[in-house]
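I have placed the structure first, in the form of structure tokens, so that the comments after it can refer back to it.
Numbered from 1 within each chain, the chains take letters A, B, ... in sequence-line order.
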Amino acid sequence: MNLRVNGEVVTVPDSVRTIKGVIDHFNINNPVIIVEHNDTILDKNAHEKTQIFEGDKIELVQFVGGG
Amino acid sequence: MNDRYSRQTLFAPIGEKGQRRLKKKHVLLVGAGALGTGNAESLVRGGVGKITIVDRDYVEWSNLQRQQLFVESDAIERIPKAIAAKKRLQQVNSEVEIEAHILDVDPQEFESLIENVDLIIDATDNFDIRMIINDISQKYGVPWIYGSCVGSYGISFTIIPNQTPCLHCLMETVPIGGLTCDTAGIISPAANMVVVYQTAEALKILTEDWGARREKLVSFDLWKNEESKINVSSLRKADCTSCGVHPTYPFLDYENQTKSAVLCGRDSVQIRPAKKEKRDLETIAQTLSSMGKVEQNPFLLSFTVEKKRLVLFQDGRTLIHGTKNISEAKTLYHRYLG
Ligand SMILES: [Zn+2]
């Protein structure tokens with residue numbers, strides 16, 4: 001399945017079906033992350049149940065500490 | 001009168017009017033690392049009226065790769081970053097009033113530093129202090145610009161009291177915690193990019209061109225060629241304890257005790273005594289010189305013993321290098337410095 005993640009088209013395996021799956025696919029273990037799915041900001045506890053489909057637009061924004 | 005700002009005033013959205021406004025403004029810059037030195041240089045060159053720089057650290061060799069105001073002699077002499085930055089900035093533009101504080105700033109000190117400040121720029125390296133900045137911003141109605149970076153990644157967002165969500169709103173959508181310090185390194189363009197976003201927003205705010213503000217949260221990865229701008233206005237919470245209807249400013253309210261913290265990726269622990277009092281570095285140096293190697297400059301004392309290095313600032317704050325173990329660090333602190 002093709003998704004547009006942070007502006008880039010990426011192909012993820014079919015086993016990836018939810019936002020949580022996308023986060024895991026990219027090995028992101030930062031708990032401080034904001035996800036926008038097709039222009040809507042998701043609630044943190046909606047990551048697991050939000051399904052993704054071909055062509056979805058996803059923005060993953062991580063909060064980091066450095067400076 | 002020279003034409004120092006002519007190219008900036010030629011830029012129509014700023015113009016002479018914006019330049020006059022900029023000259024009347026006071027920026028509080030928290031942190032003088034990569035983000036701090038970049039922001040400071042741009043604003044000072046641009047002709048901001050006054051800038052107050054607060055930083056707790058001193059210049060080390062590993063800073064020179066990206067912290068643009070520092071030179072080798074600053075690292076050799078371990079000059080505090082606030083002092084080294086001020087020296088260089090004053091050479092860049094003598095018209096700007098520059099105030100430097102060597103300080104691991106706590107909420108009380110913030111309350112005095114915030115007086116007459118028009119904008120706070122975050123150039124810190126941890127969320128403890130950002131949450132304090134966030135509460136100060138809300139309590140005093142002063143905007144602030146969050147920025148951070150690691151590796152090739154960076155993020156920035158401008159927080160305007162009563163308009164945008166605050167950092168507490170944004171962070172509450174996810175658990176606070178897991179904010180571990182990263183040892184992924186940092187490349188200078190990532191820091192510079194965050195600086196670019198921060199200073200552009202700062203110029204808009206300081207010249208009062210509010211309509212030009214970028215309202216979105218921006219993030220990027222310069223190595224993965226990714227960028228993202230998202231609208232987070234829906235995350236503003238009416239019951240937020242920092243910016244909501246009944247704010248309590250929880251991060252300004254912590255008991256005043258000795259604080260110690262492991263510093264990010266540096267094999268160092270900071271000990272901050274409960275009561276700030278000026279230490280007599282001269283006398284301490286004499287006492288310690290029989291036990292190990294003592295080096296000194298007017299701002300701090302460095303003492304090497306047991307393969308550890310203790311760096312004592314005048315206000316009593318101490319960095320213990322060579323350990324990540326807080327209790328070992330405290331033992332060394334009490335053994336040699338009281
Ligand atoms: Zn809030």
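- Within the 3.5 Å criterion, the main-chain N or O of B:D104 finds a donor-acceptor partner in the side chain of B:R272.
- Residues B:W144 and B:N134 bring a donor and an acceptor atom of their side chains to less than 3.5 Å of each other.
- Taking 4.5 Å as the heavy-atom cut-off, the residues of residues 3-18 of chain A that approach chain B are A:N6, A:G7, A:E8, ordered by number.
- Heavy-atom distances place the side chain of B:S219, and not its backbone, under 4.5 Å from chain A.
- Taking SG from B:C243 and CG from B:L167, the interatomic distance works out to 10.5 Å, rounded to the nearest 0.5 Å.
- Side-chain contact, B:H321 with B:D267: no donor N or O sits under 3.5 Å from an acceptor N or O.
- Looking at B:Q68 and B:S188, their side chains never come closer than 4.5 Å, going by heavy atoms from C-beta outward.
- Proximity to chain A among residues 27-36 of chain B is limited to B:G33, B:A34, B:L35, judged by heavy-atom separations below 4.5 angstrom.
- Counting heavy atoms of neighbouring residues, nucleotides and ligands inside a 6.0 Å radius, atom CH2 of B:W223 does not exceed 12 of them.
- Looking only at side-chain heavy atoms (C-beta outward), B:V232 and B:K216 stay at 4.5 Å or farther from each other.
- Looking at B:K237, its side chain never comes within 3.5 Å of a backbone N or O of B:G244 through a donor-acceptor pair.
- When heavy atoms are compared at a cutoff of 4.5 Å, B:I186 does not approach chain A at all.
- Using a 4.5 Å cut-off between heavy atoms, B:R66 does not touch chain A at all.
- Taking the six-membered ring where the residue is Trp, A:F63 and B:Y146 present parallel rings, their angle staying beneath 30° rather than reaching 60°.
- Residues B:S156 and B:I145 have side chains in contact (heavy-atom distance under 4.5 Å, counting atoms from C-beta outward).
- If you measure heavy-atom distances from B:S234 to chain A, the contacts under 4.5 Å come from the side chain alone.
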Can you check side-chain hydrogen bond (donor to acceptor under 3.5 Å, both in side chains) on B:S152 and B:D221, steps first, answer last?
CA-CA 5 Å; B:S152 52; B:D221 189 315; 2.7 Å; yes
